[in-house]
Number of protein chains: 2
Amino acid sequence: MTERSWWGWGTVDRALSDDECVALAAGLPGLLGRPRAVPDLAGLDLPAPRVTPPAALAPLVSTAVADRAAHTYGKAYRDVVRALAGDLRAAPDAVAFPRAEGDVVALLDWAGSAGIAVVPYGGGSSVVGGVEYRGDGPVVSLDLTALDRVLEVDRVSRAARIQGGALGPVLEDQLRPHDLTLRHFPQSFEFSTLGGWLATRAGGHYATLHTHVDDLVESMRVVTPVGVSESWRLPGSGAGPSPDRLFLGSEGTLGVITEAWMRVQDRPRFKASASAVFPDMAAGMSAVRAVAQAGLYPANCRLLDPGEAALAGAAPAGECVLVLGVESAVHPVESRLAELVEIARDAGGTVTGADGGPDRAAEAWRSTFLRMPYVRDGLARMSAIVETFETATTWDRVEELYTTVRTEVGAAVEQVTGAAGMVNCRFTHVYPDGAAPYFTVVAAGRPGSEVAMWDDVKAAATEVLGRLGATITHHHAVGRDHRPGYDRQRPEPFALALRAAKAALDPAGVLNPGVLIDPPARVRS
Amino acid sequence: MTERSWWGWGTVDRALSDDECVALAAGLPGLLGRPRAVPDLAGLDLPAPRVTPPAALAPLVSTAVADRAAHTYGKAYRDVVRALAGDLRAAPDAVAFPRAEGDVVALLDWAGSAGIAVVPYGGGSSVVGGVEYRGDGPVVSLDLTALDRVLEVDRVSRAARIQGGALGPVLEDQLRPHDLTLRHFPQSFEFSTLGGWLATRAGGHYATLHTHVDDLVESMRVVTPVGVSESWRLPGSGAGPSPDRLFLGSEGTLGVITEAWMRVQDRPRFKASASAVFPDMAAGMSAVRAVAQAGLYPANCRLLDPGEAALAGAAPAGECVLVLGVESAVHPVESRLAELVEIARDAGGTVTGADGGPDRAAEAWRSTFLRMPYVRDGLARMSAIVETFETATTWDRVEELYTTVRTEVGAAVEQVTGAAGMVNCRFTHVYPDGAAPYFTVVAAGRPGSEVAMWDDVKAAATEVLGRLGATITHHHAVGRDHRPGYDRQRPEPFALALRAAKAALDPAGVLNPGVLIDPPARVRS
């Protein structure tokens with residue numbers, strides 16, 4: 001078992017070495033000469049805990065510095081920078097580790113009666129301030145990772161009852177003996193939980209069709225402060241507004257997801273992939289739209305812009321690349337791939353890898369993809385500003401969005417940092433009616449000012465997305481960082497309904513205050 | 001323009017003649033010797049209207065007997081029976097016909113201030129008591145069919161902005177010049193509206209994948225008593241719980257859907273279909289499950305049980321039939337059909353029609369399907385008891401559900417009517433994790449007792465669905481008739497949230513009282 005990093009992404013052993021950090025400067029002028037040191041946990045001052053659990057709950061509650069430090073933030077860039085600076089003022093007073101659903105009920109009861117805020121915490125991989133408490137009162141982080149079992153498998157219906165705290169690899173390991181897979185692979189897969197995916201409407205493996213984990217849900221079990229909500233196992237229903245859809249995306253504000261029946265898959269036996277290179281993004285976008293509108297539903301369909309493709313070594317300079325993949329548990333998929341390739345060729349693409357041989361463009365990009373968060377942490381240690389944000393918009397506005405974001409966020413970066421930065425883009429998910437572009441911004445920052453500079457770049461990105469009517473988040477969630485964009489996007493009557501639902505389910509306002517909706521006055525005061 | 005029936009399904013010219021009604025008795029002993037007469041509207045007593053619209057709204061409001069009679073009920077069996085009996089005590093005091101969204105706003109304002117209940121009314125095809133007011137106070141039926149335009153077409157994104165009152169053929173006629181189609185074809189297609197489909201989460205054309213109209217929604221515009229809610233046009237988003245999903249299935253209780261951006265399709269150029277006959281339902285169910293789990297997503301995939309297949313002349317006696325169809329706007333579909341046919345053959349099916357020739361089993365069934373509601377009205381005139389109800393459950397329980405419903409509802413029919421009736425079944429939609437069986441019950445009833453007898457049969461069906469954990473409705477909606485089953489199915493915390501949302505959006509409780517949730521005390525008293 002490798003050790004989890006308390007300050008950065010993933011596991012300690014995979015963090016960039018000091019030498020690797022220094023090497024990053026070759027690609028980005030203006031970085032520090034040597035990386036900022038990672039502070040020693042033992043030397044950090046944390047505020048004294050203000051909570052005392054009742055005796056029955058005491059064995060579940062830790063006030064150890066290591067636990068509190070590791071649960072202070074998610075894994076956003078600004079979280080990493082603050083942790084590196086030793087700033088743990090926002091640390092929770094305690095971390096609770098329920099071992100069963102009854103523990104969750106008891107912990108919420110205690111918090112409600114004692115006026116303690118509760119932040120549900122899965123893998124802690126939020127990059128949007130989803131698990132960071134920004135209030136003044138006492139707060140407990142509710143770490144659900146001990147609820148990690150696959151409790152039941154229904155092979156006939158291809159469904160599994162899984163606890164909310166199961167990390168990706170933990171649940172896949174339990175499904176494998178049944179020759180089944182959930183096949184939901186967000187970039188955070190190793191370090192995020194089923195409950196976290198459901199609470200944030202995570203985006204996963206499938207680039208088309210079942211893009212969000214929402215689509216894989218058969219029923220959910222949610223502990224709310226006023227009782228347990230459990231929907232029936234149904235393949236489909238038209239009985240009123242979907243109960244599950246209220247809790248999907250509720251980001252820990254309405255309840256704690258303890259279990260879900262998930263639609264699982266037979267493991268794919270047939271796979272095929274290919275890549276197509278296009279001379280520019282306009283051509284690439286036109287091709288990926290044709291693919292998305294053909295009704296073929298490829299499992300993979302990612303368009304890398306010239307910057308992204310070059311970084312991954314996936315295409316010649318200035319060109320963009322479309323990575324296509326199909327899979328099936330039942331039938332060979334070559335004919336499906338051939339149909340996709342035909343569309344890409346018709347759109348002017350030069351196809352490689354469709355002969356069944358290794359698809360080097362896809363492989364190059366995939367390994368870069370998994371390494372990316374560790375590189376980001378290395379960049380943060382070198383005082384770079386790094387932001388990834390994602391959105392979605394309809395096809396009629398996709399090209400304008402791509403161009404405008406690159407221009408305006410690029411200008412903001414230059415204004416904030418004094419030098420040009422990198423603004424790359426890939427399309428992570430595509431739909432018949434639009435696409436989900438994902439932007440990566442990197443620039444050299446000033447030591448000590450990274451958070452403020454990041455905030456300025458983020459504000460520019462939020463402004464342009466809002467102005468163009470593109471969603472503030474396609475799959476990273478809202479958390480606290482996306483609240484301004486979310487408030488702009490959300491229809492006001494829906495805000496009223498959500499606030500009323502929150503007050504009904506969480507009357508004491510203990511659950512994840514500040515996320516999605518403002519806490520009720522009784523808690524804020 | 002053919003005249004709509006005020007008492008029964010569809011258009012007057014397609015209702016069964018008296019002779020056709022009498023002929024039904026050949027297939028069902030115990031019916032009347034001659035059909036009950038359709039009452040003359042002019043001879044019916046309606047309660048005096050109790051509402052007076054303000055002068056500005058008066059031109060939009062009708063108290064004509066024909067309007068009030070036609071808007072008293074939906075088109076459930078019990079609606080038809082009561083209309084045939086001349087029972088129009090539940091008639092709305094008036095019918096409002098808004099011509100623009102501003103009219104809807106003004107009418108809701110008036111109703112809220114005057115304490116008048118409002119029942120949103122699209123095509124009026126509800127078969128679950130969705131548009132019938134059962135309270136004591138004044139009520140206005142809000143007929144939205146004048147809001148029937150396709151306002152905007154975005155060819156690039158394949159989306160169209162359509163008003164909520166557009167009937168199926170009306171919106172398809174406007175999409176056709178753009179070579180586009182919504183391709184949502186519920187059985188009620190001719191007599192139901194986009195807004196009605198959205199408010200009830202209607203099930204349509206696609207037997208797999210995009211089974212409900214929900215999946216075709218890009219954004220919605222809803223007039224609530226506290227303001228207009230409009231979601232952004234987005235192909236996908238992970239920004240909090242979906243606003244659209246709260247209004248989808250809200251059945252007129254939270255607001256009036258005036259517009260939606262819908263995902264439309266290129267018209268299919270390639271189609272292929274085939275049928276497979278199976279010796280019994282166990283074999284048919286096993287085959288349809290294999291098809292549903294193969295990831296091929298056929299457009300059509302309907303399993304008819306022996307009774308249903310025999311009625312349609314689609315299979316030899318005692319056998320069941322699986323109808324399969326594939327379609328594409330881009331590529332030939334023969335290879336896809338071949339894969340489906342292979343699965344059906346592997347499961348023991350005898351395949352017909354896969355050679356590209358006419359598929360007679362499918363055609364026979366389709367014509368029966370469209371004629372069905374008119375036949376039901378003829379049966380009602382002959383004093384038969386007729387009920388159709390649909391549900392969904394996971395594959396592990398599908399066979400038990402099929403058997404138990406046929407046994408127990410069959411027993412209830414016999415107990416209620418004193419003779420055996422018919423309980424047939426088809427699967428209208430299938431999923432990787434389950435299926436949606438649709439049951440048709442027909443039996444001879446006693447004149448004057450039809451509604452009471454129907455209620456007893458319905459209670460038996462509701463009980464068995466609830467006991468087996470199958471949904472009270474897969475796509476007919478909840479209305480007033482399904483409230484007991486819905487209340488059992490709905491998680492209690494979600495009921496609290498929905499009630500709170502309703503109070504926030506409709507503080508005067510004017511919108512469709514009694515549907516989904518009880519009206520707040522201020523209106524009930």
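Hydrogens, waters and symmetry mates are skipped; everything else that's a heavy atom, side chains included, is used. Within every chain, numbering begins at 1; the chains are lettered A, B, ... in the order of the sequence lines, protein sequences first and strands thereafter.
Proximity to chain B (any heavy atom under 4.5 Å) is restricted, for A/Thr200, to the backbone atoms N, CA, C and O. A/Ala294 touches chain B through backbone and side chain together, each having a heavy atom under 4.5 Å away. Both the backbone and the side chain of A/Gln489 come within less than 4.5 Å of a heavy atom of chain B. Residue B/Val515: no heavy atom, backbone or side chain, is found under 4.5 Å from chain A. Of the two parts of B/Ala290, neither the backbone nor the side chain holds a non-hydrogen atom closer than 4.5 Å to a non-hydrogen atom of chain A. For B/Thr211, no part lies under 4.5 angstrom from a heavy atom of chain A. At a 4.5 Å heavy-atom cutoff, the contact between B/Ala435 and chain A is made by backbone atoms alone. For chain B, the nearby part of A/His210 is the side chain; its heavy atoms alone come within less than 4.5 Å.
Minimum interatomic distance between A/Thr473 and B/Ser237 (heavy atoms only, all atoms of both residues): O-OG, 3.3 Å. Of all heavy-atom pairs spanning B/Ser229 and A/Phe494, the tightest one is OG-N, 4.3 Å.
Here the side chain of A/Glu251 pairs no donor or acceptor atom with the backbone of B/Ala239 at under 3.5 angstrom. Judged purely by atom type and a 3.5 angstrom limit, B/Arg233 has no side-chain atom pairing as donor or acceptor with the backbone of A/Thr393. Between the B/Ser157 side chain and the A/Asp396 main chain, a donor and an acceptor come within less than 3.5 Å of each other. Between the A/Arg245 side chain and the B/Leu246 main chain, no donor and acceptor come within less than 3.5 Å of each other.
Atom CH2 in A/Trp232 sits 12.0 Å away from atom CZ in B/Arg490 (nearest 0.5 Å).
Salt bridge absent: B/Arg158 and A/Asp433 never bring a charged side-chain N and a carboxylate O closer than 4.0 Å.
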